[in-house]
2 protein chains.
Amino acid sequence: MSQTRRRTRQRDAVAALLQQREDFRTAQQIHADLREAGDDVGLTTVYRCLAAMTESGEVDILLGQDGEARYRACSTGHHHHLVCRSCGFTVEVTAAPVERWARRTAEEHGFSDVTHTVEIIGLCDTCATS
Amino acid sequence: MSQTRRRTRQRDAVAALLQQREDFRTAQQIHADLREAGDDVGLTTVYRCLAAMTESGEVDILLGQDGEARYRACSTGHHHHLVCRSCGFTVEVTAAPVERWARRTAEEHGFSDVTHTVEIIGLCDTCATS
DNA sequence: GCACTACTGAAAATGGTTGTCGTTAGCAGT
DNA sequence: ACTGCTAACGACAACCATTTTCAGTAGTGC
């Protein structure tokens with residue numbers, strides 16, 4: 001019954017890497033980043049850490065159109081993302097009007113227990129000018 | 001140079017099936033549906049038809065969190081979806097306030113050439129009561 | 001009918017992700 | 001510190017949706 005979450009070098013490494021990055025990265029990229037930094041962590045473990053951190057709300061997942069999941073350490077509250085399709089640079093945004101619209105629309109059609117996904121994908125300032 | 005799109009039994013079968021269904025279905029489901037209906041079409045061909053129809057805007061793709069793509073014949077204009085997470089029943093919705101919000105938010109942060117994804121996922125009337 | 005080539009589809013390959021399982025190492029409790 | 005329990009690790013295999021291959025098939029224009 002004592003589901004104690006243990007602190008390990010690997011978990012710390014993954015968490016630390018995500019903290020110092022502000023873009024969305026794939027599990028494989030994170031794995032490579034860690035290896036490059038000398039913090040060798042098994043790919044399987046990277047996936048497990050990310051899954052655990054996702055469940056506890058520490059990271060957000062974004063499923064790209066190429067079928068690859070991207071991860072990022074985000075603020076804990078409800079928010080959405082404005083993502084650069086070229087470099088992955090991400091801005092967290094809140095969207096009160098969207099929340100209202102989603103709730104009302106769902107109600108109108110008799111839907112309950114609703115969640116929603118809202119992402120804006122574009123080119124950031126730097127990528128557009130280069 | 002004569003890139004004529006040929007009309008085949010298989011393409012017709014896939015198109016017809018999608019027309020008479022109003023929910024999002026996976027490629028594998030569509031393949032099974034066709035087989036069951038007696039219209040045997042290779043899985044590879046199903047994928048190819050769906051890709052072609054997606055490109056020409058005849059069908060919309062929805063990438064679920066389980067990493068499976070779902071397809072549906074939709075109206076051609078810009079719209080979003082209200083999807084039942086249990087049965088896949090889908091309502092097309094328009095979202096003028098969301099469009100405005102997305103455009104303004106992107107501008108504020110210097111993003112250009114933006115698109116967005118907006119989906120509402122919930123339980124439809126029938127699934128909620130059963 | 002004929003030629004041209006897009007289309008088909010079975011089988012194999014791809015590639016991200018998850019399961020397996022023997023080993024390693026936190027974290028009590030002593 | 002020492003020990004036992006068991007969560008966590010990680011190399012590897014398995015999984016599974018999707019894509020590629022390639023030889024055979026069948027629309028389409030002439």
Tell me: [atom1] of [X] to [atom2] of [N], nearest whole Å?
X       : N      : atom1 : atom2 : answer
A:Arg25 : C:dT17 : CZ    : P     : 14 Å
A:Asp12 : D:dA8  : CG    : C1'   : 13 Å
A:Gln29 : C:dT17 : CD    : C1'   : 15 Å
A:Leu43 : D:dA8  : CG    : P     : 18 Å

Is the side chain of [X] donor-acceptor paired with the backbone N or O of [Y] at a distance under 3.5 Å, no angle test?
X        : Y        : answer
A:Thr115 : A:Asp113 : no
B:Arg35  : B:Ile30  : no
B:His79  : B:Gly77  : yes

Hey, is CD on A:Glu108 packed in by over 12 heavy atoms from elsewhere, all under 6.0 Å? yes

With ring centroids as reference points, do A:His116 and A:His78 lie under 6.0 angstrom apart?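 Yes - the distance between ring centres of A:His116 and A:His78 falls below the 6.0 Å cut-off.
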
Under 6.0 Å between ring centres: does that hold for B:Tyr47 and B:His31?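 No.
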
Using OP1 and OP2 only, check whether a side-chain N or O of B:Gln10 sits under 4.0 Å from C:dG9. yes

For C:dA6 and B:Arg11 - does any side-chain N or O of the residue sit under 4.0 Å from the phosphate oxygens OP1/OP2? no

Polar pairs (N or O, both sides) under 3.5 Å between protein and nucleotides 12-17 of chain D?
{"from": "D:dC12", "atom 1": "N4", "to": "A:Thr44", "atom 2": "OG1", "distance (Å)": "3.1"}

Salt bridge present between B:Glu68 and B:Arg25 (N-O < 4.0 angstrom):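 Not counted as a salt bridge, because no side-chain N and carboxylate O are separated by less than 4.0 Å.
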
Which one, C:dT8, D:dG10, D:dC9, comes nearest to the side chain of A:Arg9? D:dG10

Taking atom types as they are modelled, would you say the side chain of B:Arg48 forms a donor-acceptor pair with the base of C:dG9 within the 3.5 Å cutoff? yes

Dump the pairs, protein N or O against N or O of nucleotides 28-30 of chain D, anything under 3.5 Å, distances to one decimal.
{"from": "D:dT28", "atom 1": "OP1", "to": "B:Arg7", "atom 2": "N", "distance (Å)": "2.9"}

Beyond-backbone contact of B:Ile61 with B:Arg70, side-chain heavy atoms, under 4.5 angstrom: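 Counting from C-beta outward, B:Ile61 and B:Arg70 never come under 4.5 Å.
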
